[in-house]
Amino acid sequence: MALTEKVSISLKKEAGKSYDIVVGEKLFPLIAKDLAEKPLGSSYVLLTDSNLKKLYAKPLMDELKAKGIEVNLVVYQAGEINKTRATKAMIEDKMFGWGLGRDSALIALGGGVCGDMGGFIAATYMRGIPVVQVATSTVAQTDSSVGGKTAIDVPAGKNLIGCFHQPSKVYIDVATLESLSERDYSSGLVELVKHGMIADKEFLDFFIHNQDLIMARKGEGYADLMIKLFAWNNRIKAKVVESDETEKGMRKVLNYGHTLAHSIEKLMNFKLTHGECVSIGIVANARLGLKLGFNSKEESDLQEDVLKKMGLPVRIPKELEPKAIVAKANLDKKARQKQAEYVLLETIGKVKDFGGNYATKISAETVEKVLTELKE
Ligand SMILES: NC(=O)c1ccc[n+]([C@@H]2O[C@H](COP(=O)([O-])OP(=O)(O)OC[C@H]3O[C@@H](n4cnc5c(N)ncnc54)[C@H](O)[C@@H]3O)[C@@H](O)[C@H]2O)c1
Ligand SMILES: [Zn+2]
């Protein structure tokens with residue numbers, strides 16, 4: 001079996017608080033052992049979605065029960081569409097029904113929807129209980145399970161109600177990736193590749209060097225490779241999160257490619273995954289870097305090539321108008337004075353610093369020009 005790796009994340013502002021991210025293969029026995037030896041509560045609720053119930057929740061329940069751990073299972077219907085107040089209330093009421101008190105803890109077993117919603121429930125249930133993230137999708141394993149951002153969606157928009165609630169522990173089990181759809185698999189790896197582009201060239205080179213095996217999803221050394229990749233990825237993310245826990249400055253760099261991605265996501269009515277939109281957004285940012293003279297053609301092409309080889313879209317969908325994409329970006333909640341800001345690279349592995357701000361405004365005309373060049 002593959003070796004497990006541990007990444008520790010420590011939070012300076014919450015004095016003395018830190019947590020481990022355990023990356024490995026077939027981790028369920030270890031999770032049960034850890035919780036038996038160092039309980040986070042006297043009783044647990046295991047939250048998962050309808051797709052993962054049979055696949056992973058049952059086996060994890062069995063491991064926990066074998067260690068004498070008291071646990072109740074609650075399942076929501078899979079899908080972003082159910083990341084709602086109503087689902088949150090349903091789960092909370094089940095927890096009250098089981099008599100779970102302040103000394104209970106929540107285990108979120110699933111992708112980003114499960115982790116975000118489970119984290120938010122844990123943050124407010126009886127004014128806060130611990131949450132353990134067991135990440136099963138590439139989105140969760142590369143991005144959402146670490147950092148403490150929790151949320152649900154409301155009719156006014158995605159992730160608009162939520163808070164920061166750091167997990168007590170994170171488990172990333174690469175064995176669970178086996179059942180993930182091709183589309184979800186590639187989409188979730190985008191943020192990992194993005195981390196290389198903004199913060200660690202060596203990491204991006206490592207990804208490119210091993211890209212065939214990563215995309216083959218099986219074969220000799222696959223599990224070890226993914227463990228190394230996710231541990232490294234989380235070390236990069238941990239560094240950024242530790243330096244800026246509540247997203248005021250440095251953490252902005254994680255928005256690389258996201259300014260336009262969010263517009264495309266909305267204009268396409270969420271028909272494309274977040275990762276697919278980020279892929280297009282990164283290519284657009286890379287081209288902006290080239291157009292503004294900050295980057296070479298090689299730097300821009302390298303980013304486009306790696307995403308293309310992952311089977312991700314790298315062109316603006318033909319039904320979208322560049323003008324509309326830019327206008328939407330300028331209306332985003334992150335835009336300042338109705339003008340969107342773009343994170344750009346100084347070079348691969350380093351974000352450009354615009355006088356203490358890691359993002360810059362760019363004229364609508366320039367952005368539209370680049371988007372027109374990128375039309376399908
Ligand atoms: N908190 C953060 O920092 C952060 C960061 C990025 C994304 N997010 C959130 O994450 C969500 C998207 O995450 P997601 O794509 O993982 O969503 P998800 O949890 O809905 O999972 C996507 C689909 O994959 C299935 N799935 C998950 N793991 C599987 C496995 N191992 N085998 C088979 N099927 C599996 C799920 O059942 C679901 O149908 C969004 O709501 C987004 O807002 C949060
Ligand atoms: Zn993202």
Side-chain angles (χ1 to χ4, degrees), residues 8-11 13-22 27-28 30-49 52-53 56-57 60-61 63-65 67-76 82-136 140 144-154 159-173 241 245-246:
S8 288
I9 180 161
S10 38
L11 309 169
K13 280 178 223 146
E14 296 173 41
K17 246 195 120 180
S18 71
Y19 59 93
D20 289 332
I21 305 160
V22 180
L27 292 178
F28 293 0
L30 178 73
I31 298 172
K33 183 170 169 276
D34 286 353
L35 292 178
E37 283 170 6
K38 279 195 189 153
L40 289 167
S42 63
S43 178
Y44 295 82
V45 58
L46 175 61
L47 175 67
T48 201
D49 75 25
L52 304 174
K53 181 181 166 187
Y56 305 116
L60 180 56
M61 288 283 281
E63 293 286 348
L64 295 168
K65 283 183 176 159
K67 289 277 182 204
I69 293 167
E70 199 180 298
V71 55
N72 284 290
L73 176 67
V74 58
V75 180
Y76 67 90
N82 296 309
K83 191 180 165 185
T84 59
R85 290 172 176 142
T87 310
K88 178 175 181 275
M90 176 280 286
I91 296 161
E92 289 160 346
D93 289 342
K94 284 239 158 122
M95 290 166 69
F96 287 122
W98 289 314
L100 297 180
R102 294 197 63 177
D103 59 347
S104 55
L106 188 145
I107 305 169
L109 168 73
V113 167
C114 182
D116 275 15
M117 194 156 56
F120 188 36
I121 291 167
T124 55
Y125 188 79
M126 299 237 168
R127 297 202 184 86
I129 59 171
V131 61
V132 177
Q133 298 283 354
V134 185
T136 65
S144 64
S145 67
V146 176
K149 277 165 81 174
T150 79
I152 52 165
D153 303 334
V154 288
N159 295 326
L160 292 186
I161 308 273
C163 64
F164 282 89
H165 185 56
Q166 300 293 343
S168 297
K169 194 136 188 178
V170 178
Y171 293 93
I172 290 172
D173 190 338
V241 171
E245 270 164 54
T246 49

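Reckoned from all heavy atoms, side chains included, excluding hydrogens, waters and symmetry mates.
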Using a 4.5 Å cut-off on heavy atoms from C-beta on, say whether the side chain of [Y] contacts that of [X].
X: K67; Y: E63; value: no
X: F164; Y: K149; value: yes
X: T48; Y: Y56; value: no
X: D153; Y: T84; value: no

- prompt: Quick one: OH on Y44 to CG on L64, what's the gap to the nearest 0.5 Å?
  reply: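 So the OH of Y44 and the CG of L64 are separated by 8.5 Å.
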message: If I take atom CG from residue D173 and atom CG from residue L60, how far apart are they, to the nearest 0.5 angstrom?
response: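 Taking CG in D173 and CG in L60, the distance rounds to 9.5 Å.
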- request: Could you tell me which residues satisfy salt bridge (charged side-chain N to carboxylate O under 4.0 Å, His left out) with E92, sequence neighbours excluded, listed by chain and number?
  value: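 Salt bridge (charged side-chain N to carboxylate O under 4.0 Å, His left out) check on E92 returns K88.
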- request: Kindly write out the residues that satisfy salt bridge (charged side-chain N to carboxylate O under 4.0 Å, His left out) with K33, not counting sequence neighbours, or none if the list is empty.
  value: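 K33 satisfies salt bridge (charged side-chain N to carboxylate O under 4.0 Å, His left out) with E37 only.
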May I have the list of side-chain donor-acceptor pairs in residues 99-124 shorter than 3.5 Å, sequence neighbours left out?
unit_1, atom_1, unit_2, atom_2, d
R102, NE, M126, O, 3.4
D103, OD2, S42, OG, 2.9
S104, OG, G101, O, 2.5
D116, OD2, K83, NZ, 2.9
T124, OG1, F120, O, 3.3

message: Please enumerate all residues that pass side-chain contact (heavy atoms from CB on, under 4.5 Å) together with D34, with sequence neighbours excluded.
response: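 Counting only residues at least two positions away or on another chain, D34 forms a side-chain contact (heavy atoms from CB on, under 4.5 Å) with L30, K169, Y171.
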task: Quick one: do M90 and N82 satisfy side-chain contact (heavy atoms from CB on, under 4.5 Å)? Show the steps, please.
output: CA-CA 11 Å; M90 176 280 286; N82 296 309; over 6 Å; no
message: Could you work out, with ring-ring contact (aromatic ring centres under 6.0 Å, His included) as the rule, every residue matching Y125, not counting sequence neighbours?
response: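 Applying ring-ring contact (aromatic ring centres under 6.0 Å, His included) to Y125 gives F96.
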message: I need the single residue from D93, L47, L46 that forms a side chain to side chain contact (heavy atoms under 4.5 Å, CB included) with V74. Which is it?
response: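 It is L47, the one option of D93, L47, L46 that forms the side chain to side chain contact (heavy atoms under 4.5 Å, CB included) with V74.
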field: Sequence-distant partners of S168, side-chain hydrogen bond (donor to acceptor under 3.5 Å, both in side chains), two or more places apart
entry: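 Expected list: none.
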- request: Can you see which heavy atom on G147 is nearest to which on Q166, and at what distance?
  value: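 Closest approach of G147 to Q166: O-NE2, 3.1 Å.
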